[in-house]
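The chains referred to below are lettered A, B, ... by the order of the sequence lines, with proteins before strands, and numbering in each begins at 1. Values below: every heavy atom of this structure, side chains too, minus hydrogens, waters and symmetry copies. All values reported here derive from a predicted model rather than from experimental measurement.
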Number of protein chains: 2
Amino acid sequence: MDKFRTLLKNISPITDKEFADTISYFKELVLKKNEFFVEQGKVCRQIAFIKKGTLRTYYINDKAVETTSCFCTENNLTTSYKSFILQQPSTLILQAIEETHLLVIDYNSLQKLYSESSAWQTVGRAVAEREYIVMEQYASVLNNETAKEKYLRLLNEQPNVLQKADIEDIASYLGVTRRTLSRIRREISK
Amino acid sequence: MDKFRTLLKNISPITDKEFADTISYFKELVLKKNEFFVEQGKVCRQIAFIKKGTLRTYYINDKAVETTSCFCTENNLTTSYKSFILQQPSTLILQAIEETHLLVIDYNSLQKLYSESSAWQTVGRAVAEREYIVMEQYASVLNNETAKEKYLRLLNEQPNVLQKADIEDIASYLGVTRRTLSRIRREISK
DNA sequence: ACGATATGAGGACATTTGTCCTTTCCGAAG
DNA sequence: CTTCGGAAAGGACAAATGTCCTCATATCGT
């Protein structure tokens with residue numbers, strides 16, 4: 001909970017009282033390995049703060065190719081944001097790749113917070129802006145980094161993920177086939 | 001101006017009075033062909049509504065490769081959003097590829113609107129959410145569409161851009177070299 | 001109208017990546 | 001310890017794309 005408080009502080013100033021008054025809107029949720037937080041085609045009704053564990057965000061396109069957009073780890077917010085904002089069916093799938101403990105708030109509660117509290121309205125905008133920046137960063141990575149560079153960054157920034165996720169998932173994160181990932185790993189262990 | 005009013009209405013409800021009270025914050029700006037709206041390394045201080053014309057958004061990465069992320073056309077909002085939000089130097093470059101007429105609001109004015117008006121606070125969040133969705137869509141395109149598919153979409157959705165922009169820019173939008181774009185055009189005119 | 005210059009098309013070859021397989025490795029179960 | 005099954009590595013070839021050119025055409029200023 002402290003970690004969540006810290007995250008919110010970093011996002012936007014909010015007083016201890018405002019935080020205390022609204023914390024009851026948040027619920028605990030535990031997912032076992034391979035359980036879904038968001039399923040494809042269902043509306044995402046919650047935003048989650050990850051207390052512990054890892055969620056893989058991915059989707060399957062019309063050519064039946066699976067793409068992993070990120071591995072979300074502890075002390076971060078996650079959701080199928082577009083689905084959440086628009087309350088429309090999600091194209092993204094969020095699945096736990098290990099046991100994961102979440103703190104979640106649902107859509108209606110958040111709208112209630114927005115209408116009751118200007119501070120939370122500001123948090124909402126700040127979160128949207130943050131999510132935007134994360135997504136822009138992601139697009140930049142897609143445009144500029146080779147699969148090998150992405151692999152090295154993963155190795156540097158989220159080494160645990162390389163242990164926890166399987167080759168197929170990592171390849172789909174890098175945007176290449178298993179065969180190419182195999183070549184990359186060989187090159188790196190020169 | 002009417003078109004701008006319509007756009008705002010679509011983004012978030014705002015009354016005619018609120019609109020009228022704040023319209024003085026917006027200024028007209030005209031760019032000639034090849035003039036910059038945002039230069040690389042400079043802080044982007046404005047959001048623009050494009051009344052007429054086309055802006056190309058692009059950047060140059062550390063390998064000196066140029067990537068065009070979008071061609072923004074009339075009746076849309078545009079800015080170097082990350083730079084604007086954070087008021088930090090922009091990595092993106094926004095350049096007019098033809099004479100372009102803008103309606104702009106600067107950062108300080110917008111913050112003033114946010115603090116004075118709850119309605120504008122809501123507009124701000126809605127704009128951020130919208131920008132997020134656009135960026136997610138962009139990332140999805142990067143992941144799922146081949147260069148040929150992107151070319152066909154451009155042909156379908158923004159045919160004028162294909163006339164106005166040069167081959168180099170379009171190739172950098174598709175994420176391929178001129179040589180590959182040449183092959184794509186040949187294939188399409190089968 | 002003219003040459004100078006820029007812009008787009010496309011040939012030849014090298015490199016990268018994908019597809020389809022087979023082989024190797026490793027852990028679980030007998 | 002041995003065997004089995006699944007996951008990862010990697011061989012062989014095909015397809016796609018990039019690099020480096022040249023050639024043709026369009027555009028502009030004098």
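- Between E187(A) and R183(A) there is no salt bridge, since none of the side-chain N atoms of the basic residue sits less than 4.0 Å from a carboxylate O of the acidic one.
- Close placement of the F26(A) and F4(A) rings is indicated, their centers lying within 6.0 Å of each other.
- A straight line from CG of D169(A) to P of dA7(D) spans 11 Å, rounded to a whole angstrom.
- Between the CD1 atom of I184(A) and the C1' atom of dT16(C) there is a distance of 11 Å, given to the nearest Å.
- Following rounding to the nearest Å, L174(B) (CG) and dG8(C) (C1') show an atom-to-atom distance of 15 Å.
- The nearest whole Å value for the distance from the CG atom in D166(B) to the P atom in dT25(D) is 21 Å.
- OP1 or OP2 of dG18(D) sits under 4.0 Å from a side-chain N or O of T180(B).
- Of the side-chain N and O atoms in T177(A), one or more sit less than 4.0 angstrom from OP1 or OP2 of dG18(C).
- L181(A) places its CG atom 15 Å from the C1' atom of dT16(C), with the value rounded to the nearest Å.
- Counting to the nearest Å, the C1' atom of dA7(D) and the CZ atom of R178(A) are 9 Å from each other.
- A straight line from NZ of K148(A) to P of dT15(C) spans 16 Å, rounded to a whole angstrom.
- Here R186(A) reaches the OP1 or OP2 of dG10(D): one of its side-chain N or O atoms lies under 4.0 Å away.
- For R185(A) and dA9(D), the shortest distance from a side-chain N or O to OP1 or OP2 is below 4.0 Å.
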_Trace of the side-chain contact (heavy atoms from CB on, under 4.5 Å) decision for T67(B) with I60(B)_ = CA-CA 6 Å; T67(B) 301; I60(B) 298 163; over 6 Å; no
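- Remark on DNA chain C: of its neighbouring residues E168(B) and R183(B), the 5'-side contact belongs to E168(B), judged by nearest-heavy-atom nucleotide.
- At whole-Å resolution of the value, OH in Y151(A) and C1' in dT16(C) are 19 Å apart.
- Taking the nucleotide of DNA chain C with the nearest heavy atom to each of T146(A) and A165(B), the more 5' of the two is matched to A165(B).
- Side chain of T180(A) to backbone of V176(A): no donor-acceptor contact under 3.5 angstrom is found.
- With hydrophobic clusters built from ILVMFWY side chains whose heavy atoms lie under 4.5 angstrom apart, Y81(A) shares a cluster with L7(A).
- For dA9(C), neither phosphate oxygen OP1 nor OP2 lies less than 4.0 angstrom from any side-chain nitrogen or oxygen of R179(B).
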